Trainee: 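Pasting a structure below so you can have a look.
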Amino acid sequence: MPTEKFQFPGSDGQMLAASLDLPDGAPVAYALFAHCFTCGQNVLAAKRIAEGLAKHGIATLRFDFTGIGASEGEFANTTFSSNIADLVLVADHLRKTQRAPSILIGHSLGGAAILAAASLIPEAKCVATVAAPSDPSHVTHWFKDQIPEILEKGELEVSLAGRPFRIKRAFLDDIAEHRLMESVAKLHKPLLIFHSPTDDTVGIDNATRLFVAAKHPKSFISLTGADHLLTQRRDAVYVADMIAAWAMRFLDAVPAADTAAAESPPAGAVVVSETGASKLQNVIAAGKHRILADEPLDVGGMDSGPGPYDFLLGALGACTSMTMRLYAERKSIPLVRTTVTLKHSRVHAKDCEECETKEGMISRIERTIAMEGDLDAEQRKKLMEIADKCPVHRTLTSEIAIVTQAVE
């Protein structure tokens with residue numbers, strides 16, 4: 001996936017370095033990412049989340065705040081207010097050169113800054129924070145023993161994560177004036193909060209305060225086992241996947257003029273419509289639910305959603321699991337959890353002993369079922385028999401008549 005690098009003027013006129021991670025096709029939406037305190041745009045969490053979002057068709061802009069990384073300026077001259085101003089300016093740059101960001105994402109102190117800046121970026125449809133403090137002054141705990149000397153001398157060099165940074169009294173004064181909870185209460189945008197319950201840098205209680213202060217729609221996802229900086233790739237990839245899935249509910253990814261049927265599908269019907277965002281992307285409407293369908297990048301899609309056969313396998317897997325669950329509940333079988341793994345392939349009919357067709361190629365679905373719980377051999381055997389009786393299984397293995405007609 002391509003990454004465009006460029007510079008733009010920050011709040012004090014200094015040039016700030018930025019990177020725009022683009023999907024291979026036309027972007028479904030644009031996101032703006034604010035990095036953690038003293039981290040920079042290339043910190044692993046920022047880079048991996050941006051790359052992950054690009055795979056879902058979301059172009060993501062990340063940049064270095066003034067005095068950080070490749071950006072010009074002195075870190076000592078920055079404040080929380082200047083960070084907010086930088087975010088507004090980079091959103092304006094994106095608005096003028098591409099499209100205004102509809103998704104705002106912030107990590108740690110960047111999460112606090114993105115919450116404070118959200119009201120100043122009107123096109124933003126939703127906001128996500130990762131390990132964000134409920135009070136921006138939380139960052140001062142990293143140098144709390146040196147605060148008296150900073151107040152006395154006006155500025156002081158402190159060590160943060162093993163690197164020297166100059167902190168001025170103006171930074172402390174500015175950050176103390178911000179009332180982030182008031183901004184959160186007046187956010188008026190969907191909010192998704194990620195936080196690890198074992199985060200020893202910014203405690204989970206911060207997520208609780210943010211969640212309580214926010215108005216609905218709001219969501220919380222626990223990053224169990226993750227550290228504050230999301231140093232494990234799987235954690236950053238998970239965050240990207242969850243943001244992409246969650247944000248689609250609030251984005252204008254589906255052109256309203258072309259999808260009246262998708263917006264209000266008839267009772268009992270599923271309506272599939274092209275979004276126009278790319279060559280193969282479609283939106284599936286079922287009741288109040290909306291899901292993107294797409295194809296991988298290597299076949300011309302944007303990889304913004306599962307493919308048709310993925311949905312087919314998913315339908316069979318879900319039906320299998322649900323049927324086994326209902327049977328286990330009815331028969332008081334101690335089934336704790338079912339995991340169904342499926343794979344579709346095309347094989348030669350002659351290689352299928354149980355198939356009636358003996359010539360050409362046929363579809364083959366391999367289904368593996370893992371059952372957790374204190375189950376005896378007889379219970380496992382019965383549950384496996386029930387799996388073959390799920391309605392979708394029966395549909396796929398019976399004769400199907402598909403009637404197609406054109407609509408004028």
Side-chain angles (χ1 to χ4, degrees), residues 10-12 31-39 65-66 77-92 95 100-144 147 150-151 167-197 199 201-223 228 243 246-247 249-250:
S11 57
D12 63 353
L32 172 57
F33 189 100
H35 62 71
C36 51
F37 187 53
T38 74
C39 292
F65 283 108
T66 301
N77 295 328
T78 66
T79 62
F80 189 65
S81 292
S82 71
N83 286 346
I84 296 171
D86 283 346
L87 285 169
V88 173
L89 285 173
V90 73
D92 185 56
R95 182 184 298 112
S102 52
I103 308 171
L104 304 179
I105 308 165
H107 181 203
S108 194
L109 186 63
I114 214 77
L115 287 169
S119 63
L120 304 174
I121 306 173
E123 297 92 343
K125 299 294 179 64
C126 50
V127 182
T129 64
V130 183
S134 57
D135 184 344
S137 63
H138 182 278
V139 298
T140 62
H141 84 279
W142 289 317
F143 49 87
K144 61 181 180 180
I147 289 179
I150 295 173
L151 295 175
I167 303 293
K168 288 187 176 182
R169 177 171 182 165
F171 176 86
L172 300 179
D173 293 341
D174 176 82
I175 210 166
E177 293 177 357
H178 284 272
R179 300 290 181 265
L180 187 61
M181 289 298 94
E182 295 179 8
S183 298
V184 174
K186 300 176 182 178
L187 184 60
H188 300 305
K189 299 179 191 290
L191 174 63
L192 175 59
I193 300 170
F194 293 91
H195 216 111
S196 169
D199 190 329
T201 301
V202 177
I204 189 66
D205 54 312
N206 287 270
T208 301
R209 287 191 287 270
L210 288 173
F211 189 84
V212 170
K215 301 296 190 296
H216 285 291
K218 56 184 176 180
S219 305
F220 171 77
I221 294 180
S222 176
L223 297 177
H228 180 69
I243 290 176
W246 167 80
R249 179 178 291 268
F250 309 107

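Only heavy atoms go into these numbers, but all of them, side chains included; no hydrogens, no water, no symmetry mates. For clarity, every value in this text was computed on a predicted model and none was experimentally measured.
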Trainee: For a 4.5 angstrom cut-off between non-hydrogen side-chain atoms, does His107 reach Cys36?
Mentor: yes
Trainee: Could you grab the distance from atom OG of Ser102 to atom CD of Glu123, nearest 0.5 Å is fine?
Mentor: 9.5 Å
Trainee: Testing the basics here: between Pro197 and Ser222, what is the closest heavy-atom pair and its distance to 0.1 Å?
Mentor: CD-OG, 3.3 Å
Trainee: Testing the basics here: between Gly110 and Ala34, what is the closest heavy-atom pair and its distance to 0.1 Å?
Mentor: O-CB, 3.5 Å
Trainee: Would you say that Phe65 contacts Thr78 through its side chain, given a criterion of any heavy-atom pair below 4.5 Å between the two side chains?
Mentor: no
Trainee: Drop me the distance from Leu172's CG to Phe143's CZ, to the nearest 0.5 angstrom.
Mentor: 5.5 Å
Trainee: Find the distance between OG1 (Thr129) and CG (Leu210) and round it off to the nearest 0.5 Å.
Mentor: 6.0 Å
Trainee: Under 4.5 Å between any side-chain heavy atoms of Trp246 and Cys126, yes or no?
Mentor: yes
Trainee: Output the distance between atom CD1 (Ile121) and atom CD1 (Ile84), rounded to the nearest 0.5 Å.
Mentor: 10.5 Å
Trainee: I want to check something: taking the side chain as every heavy atom from C-beta on, are Ile105 and Ile114 in contact at a cut-off of under 4.5 Å?
Mentor: no
Trainee: Give the minimum heavy-atom separation between Ala118 and Val127, together with the two atoms involved.
Mentor: CB-CG2, 4.1 Å
Trainee: Ring centres of His195 and His228 under 6.0 Å apart?
Mentor: no
Trainee: Can you list everything that forms a salt bridge (charged side-chain N to carboxylate O under 4.0 Å, His left out) with Asp173? Sequence neighbours excluded, please.
Mentor: Arg169
Trainee: Tabulate below the donor-acceptor pairs under 3.5 Å that side-chain atoms of residues 175-192 make, not counting sequence neighbours, or state none.
Mentor:
{"unit_1": "His178", "atom_1": "NE2", "unit_2": "Ser81", "atom_2": "OG", "d": "2.9"}
{"unit_1": "Arg179", "atom_1": "NH1", "unit_2": "Ala176", "atom_2": "O", "d": "2.7"}
{"unit_1": "Lys189", "atom_1": "NZ", "unit_2": "Ala124", "atom_2": "O", "d": "2.8"}

Trainee: Kindly assign one of parallel, tilted or perpendicular to the pair Phe211 and His216, based on the angle between their ring planes and the thresholds 30° and 60°.
Mentor: perpendicular
Trainee: Can you tell me how far CZ of Phe37 sits from CG of Asn83, rounded to the nearest 0.5 angstrom?
Mentor: 8.5 Å
Trainee: Taking all non-hydrogen atoms of both residues into account, name the closest pair between Ala112 and Ala132 and its distance.
Mentor: N-CB, 4.1 Å
Trainee: Closer than 3.5 angstrom, by distance alone: can the side chain of Asp199 be matched with the main-chain N or O of Ile204 as a donor-acceptor pair?
Mentor: no
Trainee: Measure the spacing between CG of Asp174 and OG of Ser137 and express it to the nearest 0.5 Å.
Mentor: 11.5 Å
Trainee: Would you check if Leu115 and Leu104 make a side-chain contact, meaning some heavy-atom pair closer than 4.5 Å?
Mentor: no
Trainee: Give the intermediate values and the outcome of side-chain contact (heavy atoms from CB on, under 4.5 Å) for residues Ile167 and Ile147.
Mentor: CA-CA 9 Å; Ile167 303 293; Ile147 289 179; over 6 Å; no
Trainee: Would you tell me whether Thr66 and Asn77 have side-chain atoms, one donor and one acceptor, within less than 3.5 Å of each other?
Mentor: no
Trainee: Any side-chain heavy atom of Thr208 sitting closer than 4.5 Å to one from Phe220?
Mentor: no
Trainee: With distance as the sole test, does Asn206 use its side chain to make a donor-acceptor pair with the main-chain N or O of Gly203 at under 3.5 Å?
Mentor: yes
Trainee: A side-chain contact here means heavy atoms from C-beta on lying under 4.5 Å apart; do Phe171 and Ile150 qualify?
Mentor: no
